[in-house]
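So that the names make sense, note that chain A is the first sequence line, chain B the second, and so on, each numbered from 1.
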Amino acid sequence: MYKPIRKSFFDVPVLELAENLVGQYIVHEQTEGLLVARIVETEAYHGPEDRAAHSFSNRPTKRTEIMFGAAGSVYTYQMHTHTLMNVVAGPIGTPHAVLIRAAEPVEGFEQMKENRGNKLKMTDWTNGPGKLSKALDVTMDYYGQHWTDKPLFIAEGPETVEIMKGPRVGIGNSEEAVYYPWRFFEKDNSYVSKYRA
DNA sequence: TCGTAGATTTTCT
DNA sequence: GAAAATCTACGAC
C-alpha cells in the first residue's frame with residue numbers, strides 16, 4: 001500500500017529536492033483504481049535568480065503565486081494544450097519549484113493506456129511533462145493542493161537509483177540559465193525524455 | 001530515424 | 001496581440 005511521504009521531505013533546498021524526487025512514486029487514487037508512476041526526471045527552477053523560471057523578477061501573479069507558497073504544494077501549469085506538474089520548494093516567500101518531467105509507469109497500466117491512446121508505445125506514455133500529466137489524469141484541479149494530500153500524493157520509492165544531472169530542456173532563450181545543470185534524471189532509464197544536451 | 005513547423009489555450013503586456 | 005517549463009504530424013534521408 002502506498003502512503004504519502006513525510007512532510008519534512010520537502011523541507012530542503014530546491015536543488016536537493018529535485019535530486020531526491022527522482023526514484024519516488026507519484027500516486028493518483030481514482031475510483032477506477034490506482035495510478036502509480038516512479039519519477040525518473042526532474043528540473044529545478046530557482047525563482048528570482050533563474051531567468052527560465054516563471055517567477056524571475058516578477059511579483060506573484062495568478063499563475064505563479066503558488067510558487068511563493070509552502071514547500072510541497074502542487075503547482076500545475078498549462079502550456080498550450082498540456083498540463084505540467086511541479087513541486088513547490090523553499091520556505092514561504094521564495095518562488096522555487098521542481099518540474100516533474102518524466103516517470104515510469106508502475107501501476108494502472110490499462111488506465112494510462114486509455115488516457116494516452118491505445119496505439120502508442122509504452123515508453124511514449126509518460127516520457128515528457130505534458131504526456132505524464134495526461135497519463136496520470138492530472139489537471140489544473142490540483143493547483144494549490146499539497147503533495148501529501150490524497151488523491152494525488154508522493155510516496156517513498158523502495159529503491160535507491162543512480163542519478164545523473166545535466167542542462168535543462170525546453171526553456172529557449174533564457175541566456176546563461178539554459179546551461180545550469182539543474183536537470184536530474186535516472187541513469188539508463190528509457191522513460192527519460194529523449195532530449196539530450 | 002531525424003529535424004522542423006503547426007497546433008491551441010491561458011496568461012500577461 | 002504575443003509568448004509559453006510542449007506534443008504531434010509529416011516530409012526528407
Next item on the list: Rounded to whole angstrom, note down the P distance from B:dG6 over to C:dA2.
Entry: 16 Å
Next item on the list: Would you check if A:Tyr45 stacks with the base of C:dA5, given a 5.5 Å centroid limit and a 30° plane limit, both strict?
Entry: yes
Item checked: Atom-to-atom span, NZ of A:Lys119 to P of C:dT8 - whole angstrom -> 15 Å
Check: CG of A:Asp124 versus C1' of C:dT6: gap in Å, rounded?
Finding: 14 Å
Check: Whole Å only: how far is the NZ atom of A:Lys134 from the P atom of C:dC7?
Finding: 11 Å
Notebook entry, point to check: Within this structure, what is the CE-to-P distance between A:Met79 and B:dT10, rounded to whole angstrom?
Noted result: 14 Å
Check: Is the distance from OP1 or OP2 of C:dC7 to the nearest side-chain N or O of A:Arg116 less than 4.0 Å?
Finding: no
Checklist line | Donor + acceptor pair across side chains of A:His146, A:Thr148 (<3.5 Å) | finding: yes
Note to self: Between A:Glu104 and A:Thr126, do the side chains contain a donor N or O and an acceptor N or O under 3.5 Å apart?
What the structure shows: no
Next item on the list: Could you check which nucleotide pairs with C:dA2 in any of the strands shown, counting Watson-Crick or G-U wobble with both distances under 3.5 Å?
Entry: B:dT11
Next item on the list: Check the distance between B:dT1's P and A:Lys121's NZ and give it to me in whole angstrom.
Entry: 7 Å
Next item on the list: Would you kindly say whether A:His28 and A:Tyr142 are connected by a side-chain donor-acceptor distance under 3.5 Å?
Entry: yes
Notebook entry, point to check: Using a cut-off of 4.0 Å on non-hydrogen atoms, how would the nucleic acid contact of A:Met85 be classed: base, sugar-phosphate, or nothing?
Noted result: nothing
Next item on the list: Tell which nucleotide pairs with C:dC10, taking only Watson-Crick or G-U wobble pairs whose two distances are both under 3.5 angstrom.
Entry: B:dG3
Next item on the list: Could you say whether A:Lys62 or A:His82 is positioned toward the 5' end of DNA chain B, judged by the nucleotide with the nearest heavy atom to each?
Entry: A:His82
Item checked: Atom-pair distance (NE2 on A:His54; P on C:dA5), nearest Å -> 3 Å
Notebook entry, point to check: Are side-chain heavy atoms of A:Asp50 and A:Tyr45 found at a separation under 4.5 Å?
Noted result: yes
Note to self: Can you see if the side chain of A:Thr81 gets near the phosphate of B:dA7 - specifically, an N or O under 4.0 Å from OP1 or OP2?
What the structure shows: no
Item checked: Candidates C:dC7, B:dT10, B:dC12 - which lies nearest the side chain of A:Lys131 -> C:dC7
Checklist line | 4.5 Å side-chain heavy-atom contact, A:Pro105 and A:Trp125 | finding: yes
Notebook entry, point to check: What's the CG-C1' distance between A:Asn127 and C:dT8, to the nearest Å?
Noted result: 12 Å
Check: Starting at CG of A:Asn86 and ending at P of C:dT6, how long is that distance when rounded to a whole Å?
Finding: 11 Å
